There are 2 protein chains.
Amino acid sequence: MGEMAVNRVLERLQQANCKMTPQRMAVLQVLEENQGRHLTAEQIFLMVKHRMPLIGMATVYRTLELFAGLGVLNKASFDEARFRYEFGEEDRHRHHHLMCVECGEIAELEEDLLHSLERQVEESGFQVLDHALVIYGRCARCRGLA
Amino acid sequence: MGEMAVNRVLERLQQANCKMTPQRMAVLQVLEENQGRHLTAEQIFLMVKHRMPLIGMATVYRTLELFAGLGVLNKASFDEARFRYEFGEEDRHRHHHLMCVECGEIAELEEDLLHSLERQVEESGFQVLDHALVIYGRCARCRGLA
DNA sequence: AGAGATAATGAGAATCATTATCGCTGACTG
DNA sequence: CAGTCAGCGATAATGATTCTCATTATCTCT
Ligand SMILES: [Mn+2]
Ligand SMILES: [Mn+2]
Ligand SMILES: [Zn+2]
Ligand SMILES: [Zn+2]
């Protein structure tokens with residue numbers, strides 16, 4: 001379970017001439033056990049700290065930066081004053097998010113529905129590399145719809 | 001020129017039981033003279049400071065927060081560590097942005113091409129209130145295309 | 001005009017997230 | 001067994017934003 005995720009990270013670390021360390025492994029495990037969530041650095045730090053009490057915040061930030069650079073972690077902004085991180089497959093940066101303005105919950109929209117839009121944009125001479133779409137609103141639960 | 005923008009702000013200020021002050025007017029003028037741009041608080045502060053040297057940063061932040069609350073100023077995040085502000089018509093929150101990762105320039109996409117996407121989302125029970133779409137890439141100029 | 005009530009301001013401190021610095025340790029190299 | 005050096009933790013520093021508080025401007029009612 002999670003083998004492949006860990007292996008992918010190990011592979012990328014080697015390619016980048018970086019080592020796997022106990023700290024990095026602890027962060028990796030937390031990320032992997034929380035796939036699908038969109039965590040803040042602080043949330044990640046607290047979870048890692050739980051299993052490795054001596055780890056420092058700076059190491060967590062460094063590791064997040066490293067993993068993001070390796071392309072296995074997505075660092076994203078949701079119009080808050082801080083970043084959130086989501087672990088996952090390489091190509092997951094092309095999905096969208098629904099954020100509930102009431103409870104803060106972030107859900108995902110699996111399909112990438114922007115292909116035609118991006119094609120239009122490229123016709124104007126702008127080379128599209130990535131995109132970020134967040135839809136704000138109220139989730140079904142907060143609306144009392146079941 | 002810019003009459004209507006100023007008038008709209010005056011109107012909203014009254015509705016909210018707030019006064020127009022020289023400081024707020026200075027910020028407003030700077031915003032209005034820079035319509036179409038996506039400025040940081042610091043950029044705005046420097047421009048305002050130029051015409052009102054005694055103004056403080058805190059007042060600028062307070063005013064930006066106030067204007068955003070009045071719905072005449074859009075406070076947006078572009079995956080940087082700070083916010084940018086754009087002044088404009090009330091409904092301009094439904095447009096999209098193209099950000100060049102090389103020069104940082106932000107261009108706009110006038111059409112809102114997300115209606116069908118949002119309709120789909122609403123079918124899932126999520127009530128859409130707003131959205132933010134930023135497309136990252138390289139602008140024509142940075143690509144050397146004329 | 002004067003007095004009091006209240007809103008707004010400017011300076012600077014405080015806060016929050018993030019990044020840089022630095023001395024140390026521990027794993028590999030030769 | 002040194003020697004090197006990436007990675008570490010503690011802590012200081014930074015940058016953006018917000019808060020606090022004493023002072024000032026504005027408004028209202030005499
Ligand atoms: Mn996601
Ligand atoms: Mn815009
Ligand atoms: Zn909700
Ligand atoms: Zn460019």
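Throughout, protein chains are lettered first and strands after them, A, B, ... in sequence-line order, and every chain is numbered starting at 1. Just so it is clear, the model here is predicted, and its values are computed rather than measured.
Two different hydrophobic clusters hold B:L145 and B:M99 under the rule that ILVMFWY side chains link at heavy-atom gaps under 4.5 Å.
Remark: A:I44 CD1 to A:F87 CZ distance equals 11.0 Å, nearest 0.5 Å. Distance check, rounded to the nearest 0.5 Å: CG of A:L66 to OH of A:Y61 gives 16.0 Å.
Here the side chain of A:Q23 is nearest to one of D:dT26, D:dC8, D:dG7, namely D:dC8. Counting only heavy atoms from C-beta on, B:K19 has its side chain closest to D:dT26 among D:dA6, D:dT26, D:dG9.
We find that CG of A:N17 is positioned 14 Å from C1' of D:dG7, with the value rounded to whole Å. Counting to the nearest Å, the P atom of C:dA7 and the CD atom of B:Q14 are 16 Å from each other. B:M25 has its CE atom 15 Å from the P atom of C:dA8, to the nearest Å. Separating the CG atom of A:L54 from the C1' atom of C:dG26 is a distance of 16 Å, rounded to the nearest angstrom. C:dC16 atom P lies 14 Å from atom CG of A:L46, rounded to whole Å. A straight line from CD1 of B:I55 to C1' of D:dA25 spans 14 Å, rounded to a whole angstrom. For the pair B:L13 CG and D:dT26 P, the interatomic distance rounds to 15 Å; values are reported in whole Å. To the nearest angstrom, C1' of D:dA25 lies 13 Å from CE of B:M52.
Within the structure, a side-chain polar atom (N or O) of A:T59 is placed less than 4.0 Å from OP1 or OP2 of D:dG9. At least one side-chain nitrogen or oxygen of A:T21 sits closer than 4.0 Å to the OP1 or OP2 atom of D:dC8.
No side-chain heavy atom of A:T63 sits less than 4.5 Å from a side-chain heavy atom of A:T21.
Checking A:K75, A:R37, A:H97 one by one against A:E86, the side chain to side chain contact (heavy atoms under 4.5 Å, CB included) holds for a single residue, A:H97.
Side chain to side chain, B:E108 and B:H96 fail the donor-acceptor criterion of an N or O pair below 3.5 Å. Judged purely by distance below 3.5 Å, without hydrogens or angles, the side chains of A:Q23 and A:R62 never pair a donor atom with an acceptor atom.
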Next on the checklist: Each nucleotide in nucleotides 15-21 of chain D should get exactly one letter: B, S or -. Can you fill that in based on protein heavy atoms under 4.0 Å?
Outcome noted: -SBBBB-
